[in-house]
Protein chains: 2
Amino acid sequence: MQNKKILIVEDESRMRRLISDYLKKEGYSTLEADNGKKAIDVFEDTNIDLIILDIMLPEYDGWTVCRKIREISSVPIILLTARSEESDELFGFELGADEYITKPFSPKILVARVKTLLKRVYSSSKNILSFNGLLIDDSAHKVFVNDVEIVLTPKEYELLSFLAENPEIALSRETISTKVWGYDYFGDLRTVDTHIKRLRIKLGTQSHFIQTVRGVGYRFEVQK
Amino acid sequence: MQNKKILIVEDESRMRRLISDYLKKEGYSTLEADNGKKAIDVFEDTNIDLIILDIMLPEYDGWTVCRKIREISSVPIILLTARSEESDELFGFELGADEYITKPFSPKILVARVKTLLKRVYSSSKNILSFNGLLIDDSAHKVFVNDVEIVLTPKEYELLSFLAENPEIALSRETISTKVWGYDYFGDLRTVDTHIKRLRIKLGTQSHFIQTVRGVGYRFEVQK
DNA sequence: TATGTTAGACACAAAACTGTCACACTGAGC
DNA sequence: GCTCAGTGTGACAGTTTTGTGTCTAACATA
């Protein structure tokens with residue numbers, strides 16, 4: 001649960017700093033954006049685990065950002081607002097926000113909600129992704145195929161994790177490249193293929209987890 | 001998302017009735033318990049999808065019920081409390097509650113939270129086109145005929161998606177060609193026919209979805 | 001510095017897909 | 001029935017996409 005990446009979208013730098021400090025103290029890493037446009041850019045280029053989103057923002061308000069992000073992702077979103085009107089809150093939920101916190105709020109409450117939300121969304125309280133014949137222990141950074149550990153290089157591990165965290169979704173080479181290599185990587189997309197090849201070799205009899213989606217990319221497939 | 005079973009644990013019958021009415025109006029079914037012991041009994045005997053749990057209860061308070069249920073299940077829990085102390089809220093989250101609502105609350109807010117929580121927990125918010133005997137899962141880029149996956153080539157998939165997204169409409173070869181192959185494609189219109197043929201073969205017993213409209217093109221027909 | 005490992009690129013091989021065409025078939029109109 | 005325009009279909013070759021072996025550079029390690 002540690003080391004999750006949290007994007008803080010807030011135009012007031014003092015508030016941003018405050019939230020960021022509290023979260024870092026809890027072991028999360030944070031990214032910041034001071035307007036809605038930047039928020040969406042950062043989100044598309046990075047593998048964000050949770051978003052804290054202020055409503056009052058320059059360049060797309062929070063509602064808009066929330067809606068746009070919900071079109072492409074189900075990442076958990078916490079809305080922050082100065083107003084505490086019920087209709088606002090209802091509107092936020094309609095747009096797909098997961099939590100709604102009214103300013104002024106206690107940082108402790110915020111941290112608690114972040115924790116709960118991450119826990120609910122990302123784990124059954126463990127950092128282990130377990131499939132039939134394949135186990136990824138993120139805490140230990142170890143992977144087991146048929147209960148035998150296989151040793152992966154960092155990139156191989158990141159790639160496998162990313163795939164396994166998005167099961168049953170056809171992922172394009174571009175998406176994979178952006179999320180695993182980073183938004184600033186402009187290398188050959190076929191590099192993804194090369195790493196897929198290496199992963200498949202190491203997965204051996206369980207390579208069926210990685211399916212090719214012709215014309216698109218790859219898909220992590222759970223059922224045999 | 002409808003027809004989910006919600007357990008309301010609350011000792012005041014008026015409040016129980018109020019919540020129950022609101023939820024039923026939204027299409028949920030409700031069960032009620034007026035103390036903690038009964039709540040746990042009911043939960044163990046029934047397939048509950050969400051619990052609304054008051055803190056002040058005879059026979060095990062809400063904290064205890066929450067803890068006991070968390071030992072055996074990860075069902076979503078919303079805590080209700082008259083107090084609004086921060087420490088209480090934090091304690092609730094520690095115990096594994098998913099939401100925390102302070103009385104007095106607006107029933108609308110409650111319903112909104114129930115909805116969001118259910119959606120988050122039970123739906124994968126996927127892009128799925130579903131017909132009787134045919135299912136197109138766009139996220140996974142998979143197609144099922146009578147619950148058996150069929151593997152389509154990229155063009156076949158695009159063509160089927162386009163047809164299925166425009167049901168009951170006679171689509172000319174030109175329209176199909178423009179939308180599926182792109183406006184700058186100037187190949188033989190009969191190519192569409194060839195792909196329709198291939199699709200029909202793969203659809204097997206469900207090929208009736210694709211009807212020929214003589215002199216025009218094809219139509220995706222939903223009813224058998 | 002020597003050695004071993006990892007990452008990225010690339011070319012070629014292998015596999016899969018696509019468009020075209022010719023011919024068969026169908027059905028509507030006469 | 002016959003005609004004919006429109007549609008169905010099988011075959012095939014060219015094209016596209018993916019798989020894979022290998023090379024080089026970067027990097028870490030001792």
Side-chain angles (χ1 to χ4, degrees), chain A residues 141-143 149-163 170-221, chain B residues 141-143 149-163 170-221:
Chain A
H141 219 265
K142 281 182 177 178
V143 177
E149 185 181 355
I150 59 169
V151 179
L152 299 185
T153 70
K155 267 280 169 295
E156 285 163 3
Y157 183 85
E158 280 177 77
L159 177 57
L160 180 61
S161 292
F162 178 66
L163 295 174
L171 299 160
S172 70
R173 290 183 175 70
E174 222 164 41
T175 303
I176 294 172
S177 169
T178 305
K179 296 287 188 175
V180 175
W181 273 261
Y183 70 96
D184 50 357
Y185 176 76
F186 294 107
D188 196 332
L189 281 181
R190 295 299 311 280
T191 295
V192 174
D193 297 38
T194 299
H195 284 268
I196 290 283
K197 169 195 61 178
R198 291 173 181 153
L199 258 183
R200 280 173 166 160
I201 292 171
K202 291 198 177 175
L203 289 178
T205 59
Q206 302 292 354
S207 67
H208 60 85
F209 278 109
I210 300 176
Q211 291 288 320
T212 303
V213 184
R214 221 156 208 284
V216 180
Y218 299 92
R219 178 181 56 222
F220 189 86
E221 194 156 316
Chain B
H141 217 266
K142 279 182 175 179
V143 177
E149 185 182 355
I150 59 170
V151 179
L152 299 185
T153 70
K155 268 280 170 299
E156 285 162 4
Y157 183 87
E158 281 177 76
L159 177 57
L160 179 61
S161 292
F162 176 66
L163 294 175
L171 299 158
S172 69
R173 289 184 176 69
E174 218 160 46
T175 304
I176 295 172
S177 169
T178 305
K179 297 287 188 174
V180 176
W181 274 260
Y183 69 96
D184 51 356
Y185 176 75
F186 295 107
D188 195 334
L189 281 182
R190 295 299 312 282
T191 297
V192 174
D193 297 36
T194 298
H195 283 270
I196 290 284
K197 167 196 62 178
R198 290 172 181 154
L199 257 183
R200 281 173 166 161
I201 292 171
K202 291 196 179 176
L203 289 178
T205 59
Q206 301 292 354
S207 66
H208 59 83
F209 279 109
I210 300 176
Q211 292 291 321
T212 303
V213 184
R214 224 182 147 78
V216 181
Y218 301 92
R219 180 180 56 225
F220 188 87
E221 196 158 310

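Values below: all heavy atoms of this structure, side chains included; hydrogens, waters and symmetry mates excluded. Every chain is numbered from 1, with letters handed out A, B, ... down the list of sequences.
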Distances under 3.5 Å between nitrogen or oxygen atoms of protein and nucleotides 19-25 of chain C:
from	atom 1	to	atom 2	distance (Å)
C:dG19	OP1	B:W181	NE1	2.6
C:dG19	OP2	B:W181	NE1	3.0
C:dG19	OP2	B:H195	NE2	2.8
C:dG19	O6	B:R198	NH2	2.5
C:dT20	OP2	B:Y185	OH	3.4
C:dT20	OP2	B:D188	N	2.9
C:dT20	OP2	B:T191	OG1	2.8

What are the atom names and distances for every N/O pair under 3.5 Å that joins the protein to nucleotides 25-30 of chain D?
none

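Atom NZ of B:K202 has more than 12 neighbouring heavy atoms from other residues, nucleotides or ligands inside a 6.0 Å radius.
When rounded to the nearest whole Å, the span between CD of B:Q211 and P of C:dG27 equals 13 Å. As a whole-Å value, the separation of A:D193 CG from C:dC10 P is 14 Å. In this structure, B:E156 atom CD and D:dT17 atom C1' are separated by 15 Å, rounded to whole Å.
Judged purely by distance below 3.5 Å, without hydrogens or angles, the side chains of A:T175 and A:S172 pair a donor atom with an acceptor atom.
If A:R173 and B:I201 are placed on DNA chain D by their nearest nucleotide, the residue sitting closer to the 5' end is B:I201. Comparing B:R214 and A:P154 against DNA chain C, the residue whose closest nucleotide sits nearer the 5' end is A:P154.
A sub-4.0 Å separation between OP1 or OP2 of C:dT6 and a side-chain N or O of A:Y157 is absent.
Residue contacts for A:V192: at a heavy-atom cut-off of 4.0 Å it reaches no nucleic acid atom on any strand shown. Looking at heavy-atom distances under 4.0 Å, B:V216 makes contact with sugar-phosphate atoms alone, never a base.
Between A:E221 and B:K142 there is a salt bridge, since at least one side-chain N of the basic residue sits less than 4.0 Å from a carboxylate O of the acidic one.
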Counting only pairs under 3.5 Å, give me each side-chain donor-acceptor contact of residues 210-217 of chain B, with atom names and distances, residues two or more places apart or in other chains.
from	atom 1	to	atom 2	distance (Å)
B:Q211	NE2	B:H208	O	2.9
B:T212	OG1	B:R200	NH2	2.8

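Ring orientation note: the planes of A:F220 and A:F209 are close to parallel, at an angle under 30° on the 30°/60° scale.
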